[in-house]
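The structure is given below, and queries will be raised subsequently.
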Amino acid sequence: MTSLINISEVNKLTSEQFEWMFGNVIELCTEAAANVHKKIPFGCVAEFCDAFHQYLDDLPMEGKLVILKLHPDLAGRMAAAGQLTHESAVEQKCAGLNDLTKEQRDIIDISNERYKSKFGFPFIICARENKVQSIIDGLRRRYSNTRDQEIATGINEVKKICKLRILDLVKDD
Ligand SMILES: NC(=O)N[C@H]1NC(=O)NC1=O
């Protein structure tokens, strides 16, 4: 477990150090960290989170789609092959996705594929704020949304994931 660093220490990081530390607060998106580094100094953690959220809001539609597509499926092939990022692996375990029954695994597999073929990007939900049943319910419920609604919902979930990842790394002074 990494120890938390203060926001005033964050403000002193070089861009290389900053990208190393925050390059995965948005899954596999070091570009977000490079962009946010240009905005230092930050007064508090909330302001720091807002800068990442603003980065997401400012992306054009195509950029938002790239972000959504950088996420692995929940309980998908990458998880089975042990190829998740450390953060994603911890989050998926926390939601109980490592202990699925055969029936739950089949439902999630089929629902993930159905979702991806309708929308063209993976179903994204903040795993740490959910458990297996609410993930299955979300997969069912959100499938009937429009693509625009799901892009907005997916980005909103990325924001929640991002905030929790930041809170694992940074504290106020
Ligand atoms: N597909 C998906 O939601 N993946 C993400 N969710 C989460 O909490 N961590 C992830 O990698």
Side-chain angles (χ1 to χ4, degrees), residues 1-2 4 19-33 36 45-46 48-53 55-57 59 61-101 103-170:
M1 175 81 199
T2 332
L4 295 165
E19 278 178 49
W20 182 83
M21 188 143 198
F22 302 111
N24 206 47
V25 297
I26 295 175
E27 183 77 9
L28 300 175
C29 185
T30 46
E31 196 189 304
V36 169
V45 178
F48 186 59
C49 285
D50 285 347
F52 278 94
H53 289 184
Y55 168 83
L56 290 167
D57 286 337
L59 288 171
M61 189 59 84
E62 280 311 309
K64 290 189 170 80
L65 288 172
V66 170
I67 297 284
L68 297 177
K69 288 178 188 172
L70 285 171
H71 286 73
D73 283 343
L74 293 172
R77 232 168 288 143
M78 301 266 290
Q83 289 171 346
L84 295 173
T85 61
H86 170 73
E87 290 86 344
S88 183
V90 169
E91 290 155 0
Q92 299 208 27
K93 183 164 193 275
C94 176
L97 293 171
N98 288 7
D99 302 302
L100 297 175
T101 62
E103 193 193 355
Q104 288 169 330
R105 175 167 300 286
D106 289 347
I107 293 172
I108 292 179
D109 277 351
I110 291 165
S111 310
N112 269 336
E113 287 312 315
R114 187 175 80 134
Y115 182 97
K116 269 191 290 189
S117 47
K118 175 170 177 184
F119 296 111
F121 50 82
F123 173 78
I124 297 174
I125 193 164
C126 178
R128 279 200 270 180
E129 292 186 357
N130 287 277
K131 290 286 172 208
V132 174
Q133 194 54 51
S134 60
I135 289 170
I136 290 175
D137 292 346
L139 270 161
R140 284 215 181 95
R141 187 173 34 80
R142 284 170 47 187
Y143 181 73
S144 56
N145 285 344
T146 64
R147 191 159 188 270
D148 282 353
Q149 281 173 322
E150 274 311 291
I151 293 170
T153 304
I155 290 293
N156 206 38
E157 294 298 315
V158 173
K159 287 182 183 174
K160 295 180 195 170
I161 297 166
C162 169
K163 181 174 179 192
L164 292 178
R165 289 184 182 183
I166 287 173
L167 294 177
D168 284 338
L169 298 172
V170 189

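Count residues from 1 along the sequence. Numbering of ligands and ligand atoms starts at 1, following listing order. All values below were derived from every heavy atom in this structure, side-chain atoms included, with hydrogens, water molecules and symmetry-related copies excluded.
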Between Phe22 and Val36, is there a side-chain heavy-atom distance shorter than 4.5 Å?
no
Which protein heavy atom lies closest to atom 8 (O) of ligand 1, and at what distance to 0.1 Å?
Ala127 N, 2.8 Å
How does Pro122 reach ligand 1, if at all, at less than 4.0 Å between non-hydrogen atoms: by side chain, backbone, both, or neither?
neither
Identify, by atom number and element, the atoms of ligand 1 in contact range of Cys126, meaning under 4.0 Å from any of its heavy atoms.
8 (O)
Could you check if a side-chain atom of Leu68 sits within less than 4.5 angstrom of a side-chain atom of Glu150, using non-hydrogen atoms only?
no
What protein heavy atom sits nearest atom 4 (N) of ligand 1, and how far off is it?
Pro72 O, 3.4 Å
Any sub-3.5 Å donor-acceptor pair from Lys118's side-chain atoms to Tyr143's backbone N or O?
yes
Asp168 and Glu87, any side-chain heavy atoms less than 4.5 Å apart
no
Judged by atom type as modelled, is there a donor-acceptor pair below 3.5 Å linking the side chain of Asn112 to the main-chain atoms of Leu74?
yes
Starting from atom 6 (N) of ligand 1, find the nearest protein heavy-atom neighbour and note its residue, name and distance.
Ile125 O, 2.9 Å
Among all the protein's non-hydrogen atoms, which is closest to atom 11 (O) of ligand 1, and how far away is it?
Ser88 OG, 2.7 Å
Heavy-atom distance under 4.5 Å between the side chains of Ser88 and Arg165, does that happen here?
yes
Return the residue, atom name and 0.1 Å-rounded distance of the protein heavy atom closest to atom 9 (N) of ligand 1.
Glu91 OE1, 2.6 Å
Just heavy atoms, cut-off under 4.0 Å: does Ile161 contact ligand 1 by side chain, backbone, both, or neither?
side chain
